[in-house]
Amino acid sequence: RIHQYYVLRSYLLRISIRIAKEWLSVLFERTLQRSGFNMRREGKIRAVLAGIFILGHGGVLSSFAFMGPAVPAVPTGPFPQTNVATAIRRQYSSNPFEEETSDQRKERMKLVRGVQKTFYSDEVGVYPAQFGVYSNLLIYRADWTELPGFQHVMNVTDPDYTNMLMRCVSSSRPWYFGHVYLPEGADGDEYNYRLEKWSDAPLIGTLMQVSDYKVLDDGNLYVVVQALGRFMVIDSIQSSPYGIANVEMLPDQEMVEHFYEEAEDTAATFDFALNDNARGAACAGAVADAGVWRDYEFQDATLDDNDGSFPPVANFDVNAASSVATNAGDIVHAAIEEYLSQSPSNMFHGECSIDLDGPDVATEEDSIDAEFQLWCELDNLAKILTRLNPKANTEMPIPTQILGLLPADKDGRSWPKGFKLSRYTKKMSNVYSILEKNSNLQLNKDEPDQLKAVEGYPRLRRARRLSYIVWALLDTILGDDYIKEEGRVTKQQILEMSSTTARLKAALLRIREINETLKQVLEKN
């Protein structure tokens, strides 16, 4: 009993320290951002400690006596109605460093960041996924949906999310966090919008990667983020001040079906197989395939190499292509074997949480057929847009990142008569090869590499990527508001579609509607 008592006391102490540390981190971010830096450097530190003193009702900060004299008396009873930041601003209403030089400011900010880093010194980040499950993933919730393949710069001003992302980037790479849609006007702390299966909150979200970041002088963050793939929240750990959850990656139906035969054969022949769940093993293989191709599909985007404007779609990284194509098969097979080597009594997640037994399950051929039809409709769109704006005949109104997914071999199909996208792509490849030889011409070094997917890039991954990034073209043509029209498919619905085929067909339907509308405009003119 005595041993149990001390174990329990130690456990509760560790929990208390972790909770206190979380509050310290958030309080520090809020104090930095809300104070406007109108305090002396020493005053800032004491201000944070004073806030902790109020929360702890005194006695907690005796070990910090070396910090010097405390700020003027602060109530030690319950937390006052006026927040700490407001009280601090009243004490230091003027900034004694208004005339400081830029070097002095840099030195002062360096000290502030040094204090800040102490809050995140022991962050370990997200452990590698086991059969597609990421544990303790930090969750960013906002009123927009992130689609895989996209990238952009986030200006993070909310203190809670600043704290969350600082935790993320203070660990070792890769810097992963999750993004989950929160309906406009809803509060993630509300009972009905917690990340639980019984709530009204969407549970399908997107795994995000921080490619680069910059801490601004006011404490806000510039963060370059890339959307990697979709997941389902399977277990909510924390909802406030931001979410933390266990999530399971969700490969598309076609990808799981593609690896099912290999998983079934391995289950029958693998000497160390302890279970025969070929479906779960195929899902594990699909998740591994997505992970290994990630290095090619998402080129690092940095703030230093850019003026702040990024293409909405992540570029291919051709430097990673060769190693990825060589190792993909071995990595996928190893993941299948690892899954099958689990004991049935100790099975981990890896079921993909999608239905592969219904009558409407999409196959690989379904997705390739839908991809072909979509390209034909995109070609019609390009022709119509060119007719509407003939002076822009030197430009193709379809982004390079989308054109680079045009199948080179047509998968046994013949393009319709007058199909111009393939001719344009070939023409631009020749133009880029000429421009690259002319050192006097400035050429975006990434453009030529995006016009053609690397040899060996799987056709299913090509179709999947197109099913997401084609919506960037619709955003460009019509703006983001079109998708909010009543009756239109929403981006969250697109994310929740469990097959590549379904997304391609949704894009095909929308582009046909656009083409019909544009034809009517041409006829009137």
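Only this structure's heavy atoms are used, side chains among them; waters, hydrogens and symmetry mates stay out.
- Of the listed residues (Leu495, Ile494, Val470), just one forms a side-chain contact (heavy atoms from CB on, under 4.5 Å) with Arg503, and that residue is Ile494.
- Between the Asp158 side chain and the Asp160 main chain, a donor and an acceptor come within less than 3.5 Å of each other.
- The two residues Ala263 and Ala282 make their nearest non-hydrogen contact at CB-N, 3.6 Å.
- Scanning both residues, Trp293 and Ala328, for their nearest heavy atoms gives NE1-CB, 3.8 Å.
- Contact annotation: the side chain of Met255 approaches that of Asp289 to within less than 4.5 Å [non-hydrogen atoms, C-beta and beyond].
- Going from atom CZ of Arg230 over to atom CD of Glu248 covers 10.5 Å, rounded to the nearest 0.5 Å.
- Looking at Gln493, its side chain never comes within 3.5 Å of a backbone N or O of Met497 through a donor-acceptor pair.
- Formation of a donor-acceptor pair under 3.5 Å by the Ser323 side chain with backbone atoms of Ala320 is found in this model.
- Side-chain atoms of Val153 and Val223, non-hydrogen and from C-beta on, never get closer than 4.5 Å to each other.
- No side-chain heavy atom of Leu165 sits less than 4.5 Å from a side-chain heavy atom of Tyr242.
- A distance-only check finds no donor-acceptor pair linking the side chain of Asp212 to the backbone of Val224 [under 3.5 Å].
- Between atom CD1 of residue Ile244 and atom CG of residue Leu195 there is a gap of 11.5 Å, rounded to the nearest 0.5 Å.
- Residues Gln226 and Gln151 come closest through the heavy atom pair NE2-OE1, 3.0 Å.
- Between the CZ atom in Arg173 and the SG atom in Cys168 there is a gap of 10.0 Å [rounded to 0.5 Å].
- For the pair Ile237/Asn136, a side-chain contact is recorded, criterion being any heavy-atom separation below 4.5 Å from C-beta on.
- In this structure, CG in Asp300 is found 11.0 Å from CG in Asn319, a value given to the nearest 0.5 Å.
- Side-chain contact between Asp317 and Asp295: absent, with no pair of heavy atoms (C-beta onward) separated by less than 4.5 Å.
- To the nearest 0.5 Å, the span separating CG on Leu303 from OG on Ser211 amounts to 8.5 Å.
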Chi angles and distances behind the side chain to side chain donor-acceptor pair (under 3.5 Å) call for Gln253, Glu257:
CA-CA 6 Å; Gln253 291 177 356; Glu257 188 257 353; over 6 Å; no
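- A side-chain donor-acceptor contact under 3.5 Å links Asn275 to the backbone of Tyr339.
- Between Phe316 and Glu297, the shortest heavy-atom contact is CD2-CA, 4.0 Å.
- Screening Trp175, Tyr222, Phe177 against Tyr213 for a ring-ring contact (aromatic ring centres under 6.0 Å, His included) leaves a single residue, Trp175.
- Annotation: cation-pi geometry not satisfied between Arg461 and Tyr296 (NZ/CZ under 6.0 angstrom from ring centroid, within 45° of ring axis).
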Please test Arg465 against Tyr457 for side chain to side chain donor-acceptor pair (under 3.5 Å), starting from the C-alpha separation and ending with a verdict.
CA-CA 11 Å; Arg465 184 174 172 90; Tyr457 188 49; 4.9 Å; no
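- A distance of 9.0 Å separates CG in Asp252 from CG in Leu460, rounded to the nearest 0.5 Å.
- Of the possible donor and acceptor atoms, none in the side chain of Glu146 sits under 3.5 Å from a partner among the backbone N and O of Gly178.
- Heavy atoms only, all atoms of each residue included: Gln401 and Ile469 are closest at O-CD1, 3.8 Å.
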Given Phe231 and Tyr134, is the ring pair (Phe, Tyr, Trp, His ring centres under 6.0 Å) satisfied, shown in steps?
CA-CA 9 Å; Phe231 63 66; Tyr134 287 94; 8.5 Å; no
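- Looking at Pro148, Ser499, Ser367 one by one, the single match for side-chain contact (heavy atoms from CB on, under 4.5 Å) with Arg464 turns out to be Pro148.
- Side-chain contact between Leu138 and Tyr161 is absent, with no heavy-atom pair separated by less than 4.5 Å.
- Between Ala227 and Leu147, the shortest heavy-atom contact is CB-O, 3.2 Å.
- For Glu254 (side chain) and Thr500 (main-chain N/O), a donor-acceptor pair under 3.5 Å exists by modelled atom type.
- Judged by distance alone, with hydrogens and angles left aside, the side-chain atoms of Asp143 form no donor-acceptor pair with the main-chain N or O of Pro183 at under 3.5 Å.
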What's the verdict on side-chain contact (heavy atoms from CB on, under 4.5 Å) for Leu207 and Arg294, showing C-alpha distance, side-chain angles and the deciding distance?
CA-CA 12 Å; Leu207 180 67; Arg294 191 173 292 160; 4.2 Å; yes
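- Side-chain atoms of Thr162 and Thr157, non-hydrogen and from C-beta on, never get closer than 4.5 Å to each other.
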Chi angles and distances behind the side-chain contact (heavy atoms from CB on, under 4.5 Å) call for Ile204, Gln492
CA-CA 8 Å; Ile204 303 296; Gln492 183 61 26; 4.2 Å; yes
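- Of the possible polar contacts, none joining the Ser236 side chain to the Glu196 backbone as a donor-acceptor pair under 3.5 Å is found.
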Going through the distances and angles, do Asn220 and Asn155 end up as a side-chain contact (heavy atoms from CB on, under 4.5 Å)?
CA-CA 7 Å; Asn220 296 334; Asn155 182 13; 4.3 Å; yes
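- In this structure, the side chains of Leu228 and Thr206 stay at 4.5 Å or more apart for every pair of heavy atoms.
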